[in-house]
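A short worksheet on the structure shown next.
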Amino acid sequence: MIDEIDKKILNLLQKNGKISNAEIARQLNMAPSGILERIRKLEKNGIIEKYEVRLNPKKLGLVLTVFILVKTEDPVGSTNIGYQLAQIEEVQEVYYIAGEFNYLIKARVAHTDSLTNLLKKFGQIEGVKDTRTTLVLQEILETLRVDLSQVKEKKNKRKRHNKED
């Protein structure tokens with residue numbers, strides 16, 4: 001569980017992963033050492049998983065974003081094919097899902113020829129039965145931010161000792 005200060009720290013980090021501990025401390029009116037201690041605790045507890053650079057795919061020539069539903073012959077509960085799909089370089093996200101299909105994949109490619117090659121890679125994986133591809137026409141919102149307003153805060157419970165006479 002996290003408290004209100006942790007939420008503020010996490011929100012600042014989500015907005016700017018390069019923000020310094022000193023700047024976080026200044027904005028929250030706290031000591032930098034206290035911020036560092038809290039960030040280390042958030043990392044240790046797995047709340048902060050890692051730090052990454054976010055690249056602009058379009059500026060790198062990866063202009064097509066696609067979502068691909070994949071149906072497999074995997075037995076229920078098996079995610080072996082999902083892990084194989086995750087190893088393909090163009091694939092950015094793999095979700096094991098319920099329903100008619102087994103996986104929802106997000107990938108980025110340069111053009112339709114690249115998409116064709118990607119789908120061929122999927123087809124080379126034993127057990128892949130069918131795919132359905134959706135091309136994104138326009139990205140309106142894409143984020144990895146988490147809405148911290150939904151996260152319950154930890155309560156500071158002070159132990160009260162009742163003096164019994």
Side-chain angles (χ1 to χ4, degrees), residues 1-4 6-21 23-24 27 38-154:
M1 298 294 277
I2 61 174
D3 64 15
E4 191 61 33
D6 290 335
K7 285 183 180 183
K8 289 178 182 178
I9 292 169
L10 291 169
N11 276 323
L12 289 169
L13 286 169
Q14 286 188 114
K15 289 178 186 171
N16 176 7
K18 287 180 68 174
I19 191 170
S20 69
N21 288 346
E23 180 58 24
I24 295 171
Q27 288 189 33
R38 282 176 173 269
I39 289 174
R40 285 187 175 153
K41 184 177 177 187
L42 291 165
E43 291 169 344
K44 180 182 175 202
N45 291 334
I47 293 170
I48 296 174
E49 289 184 331
K50 61 183 169 180
Y51 299 88
E52 293 182 317
V53 172
R54 189 168 175 134
L55 305 176
N56 183 327
K58 288 188 169 99
K59 295 210 182 237
L60 297 168
L62 302 173
V63 296
L64 289 180
T65 302
V66 295
F67 288 92
I68 305 165
L69 288 165
V70 179
K71 187 184 292 186
T72 71
E73 295 174 349
D74 268 354
V76 174
S78 173
T79 55
N80 293 335
I81 290 176
Y83 284 101
Q84 291 178 60
L85 292 165
Q87 297 304 309
I88 298 171
E89 194 64 32
E90 298 92 337
V91 170
Q92 289 189 303
E93 299 173 19
V94 177
Y95 299 98
Y96 180 56
I97 59 174
E100 182 181 350
F101 289 83
N102 303 83
Y103 299 99
L104 174 63
I105 310 295
K106 177 183 174 188
R108 292 195 190 264
V109 293
H111 41 69
T112 54
D113 290 341
S114 300
L115 176 57
T116 300
N117 291 333
L118 174 61
L119 292 173
K120 285 178 183 176
K121 291 177 186 177
F122 284 18
Q124 292 171 353
I125 297 174
E126 187 176 335
V128 170
K129 263 175 50 173
D130 192 15
T131 63
R132 295 284 186 269
T133 303
T134 301
L135 293 168
V136 173
L137 299 176
Q138 180 181 7
E139 293 169 10
I140 295 171
L141 174 66
E142 181 182 62
T143 183
L144 295 176
R145 281 181 272 136
V146 174
D147 177 9
L148 296 172
S149 69
Q150 298 182 64
V151 177
K152 292 184 180 179
E153 295 177 29
K154 69 179 176 185

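Heavy-atom basis, side chains included; hydrogens, waters and symmetry copies ignored.
Checked against side chain to side chain donor-acceptor pair (under 3.5 Å), Asp74 has the following partners two or more places apart in sequence or in another chain: Tyr103. With sequence neighbours excluded, the residues that form a side chain to side chain donor-acceptor pair (under 3.5 Å) with Glu52 are Lys50.
Taking the side chain as every heavy atom from C-beta outward, Lys121 and Glu89 never approach each other to under 4.5 Å. Taking the side chain as every heavy atom from C-beta outward, Asn102 and Ile81 never approach each other to under 4.5 Å. Between Leu13 and Leu42 the shortest side-chain heavy-atom distance does not fall below 4.5 Å. Side-chain contact check for Leu148 versus Val146: some heavy-atom pair is nearer than 4.5 Å. Counting only heavy atoms from C-beta outward, the side chains of Arg54 and Glu142 approach each other to under 4.5 Å. Within the 4.5 Å cutoff, the side chain of Val136 has no heavy atoms near those of the Leu64 side chain. Within the 4.5 Å cutoff, the side chain of Leu85 has heavy atoms near those of the Ile105 side chain. In this structure, Asp3 and Arg38 have side chains that are in contact, with non-hydrogen atoms separated by less than 4.5 Å.
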Just do the side-chain contact (heavy atoms from CB on, under 4.5 Å) check on Ile2 and Leu10 with the steps written out, would you? CA-CA 10 Å; Ile2 61 174; Leu10 291 169; 3.9 Å; yes
What do the steps show when you test Leu119 against Thr116 for side-chain contact (heavy atoms from CB on, under 4.5 Å), and what is the final call? CA-CA 5 Å; Leu119 292 173; Thr116 300; 6.0 Å; no
If you apply the rule side-chain contact (heavy atoms from CB on, under 4.5 Å), what do you find for Ile125 with Val70, and how did you get there? CA-CA 11 Å; Ile125 297 174; Val70 179; over 6 Å; no
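Note: Leu60 CG to Leu55 CG = 6.0 Å, rounded to the nearest 0.5 Å. Note that the CD atom of Gln84 and the CD atom of Gln87 stand 9.0 Å from one another [nearest 0.5 Å]. For the atom pair CD (Glu73) and NZ (Lys129), the distance works out to 6.0 Å, reported to the nearest 0.5 Å. The line from OG1 of Thr65 to CG of Leu115 is 11.0 Å long, rounded to the nearest 0.5 Å. Put simply, CG on Asp130 and OG1 on Thr72 are 11.0 Å apart, with the number rounded to the nearest 0.5 Å. Rounding to the nearest 0.5 Å gives a distance of 11.0 Å between CG of Asn21 and CG of Leu12.
Closest non-hydrogen pair, Phe101 versus Arg132, comes out as CZ-CG, 3.3 Å. In this structure, Ala107 and Leu118 approach most closely via the heavy-atom pair CB-CD2, 3.7 Å. Counting all heavy atoms, side chain and backbone alike, Tyr96 lies closest to Val76 at OH-C, 4.1 Å.
The environment of NZ in Lys41 is sparse: at most 12 heavy-atom neighbours from other residues, nucleotides or ligands sit within 6.0 Å. Within a 6.0 Å radius of CD in Glu126, other residues, nucleotides and ligands contribute 12 heavy atoms or fewer. Atom OH of Tyr95 has 12 or fewer heavy atoms from other residues, nucleotides or ligands within 6.0 Å. In Glu4, the CD atom is crowded: over 12 heavy atoms of neighbouring residues, nucleotides or ligands sit closer than 6.0 Å.
A donor-acceptor pair under 3.5 Å is absent between the side-chain atoms of Thr79 and the main chain of Gly82, judged by distance alone. Listed for the Asn45 side chain is no donor-acceptor partner under 3.5 Å among the backbone atoms of Ile47.
Using modelled atom types, one finds no donor on one side chain facing an acceptor on the other under 3.5 Å when comparing Ser114 with Glu90.
Between Glu93 and Arg108 no salt bridge is recorded (no basic side-chain N to carboxylate O distance below 4.0 Å). In summary, Lys8 and Asp6 do not engage in a salt bridge, as defined by a charged side-chain N under 4.0 Å from a carboxylate O.
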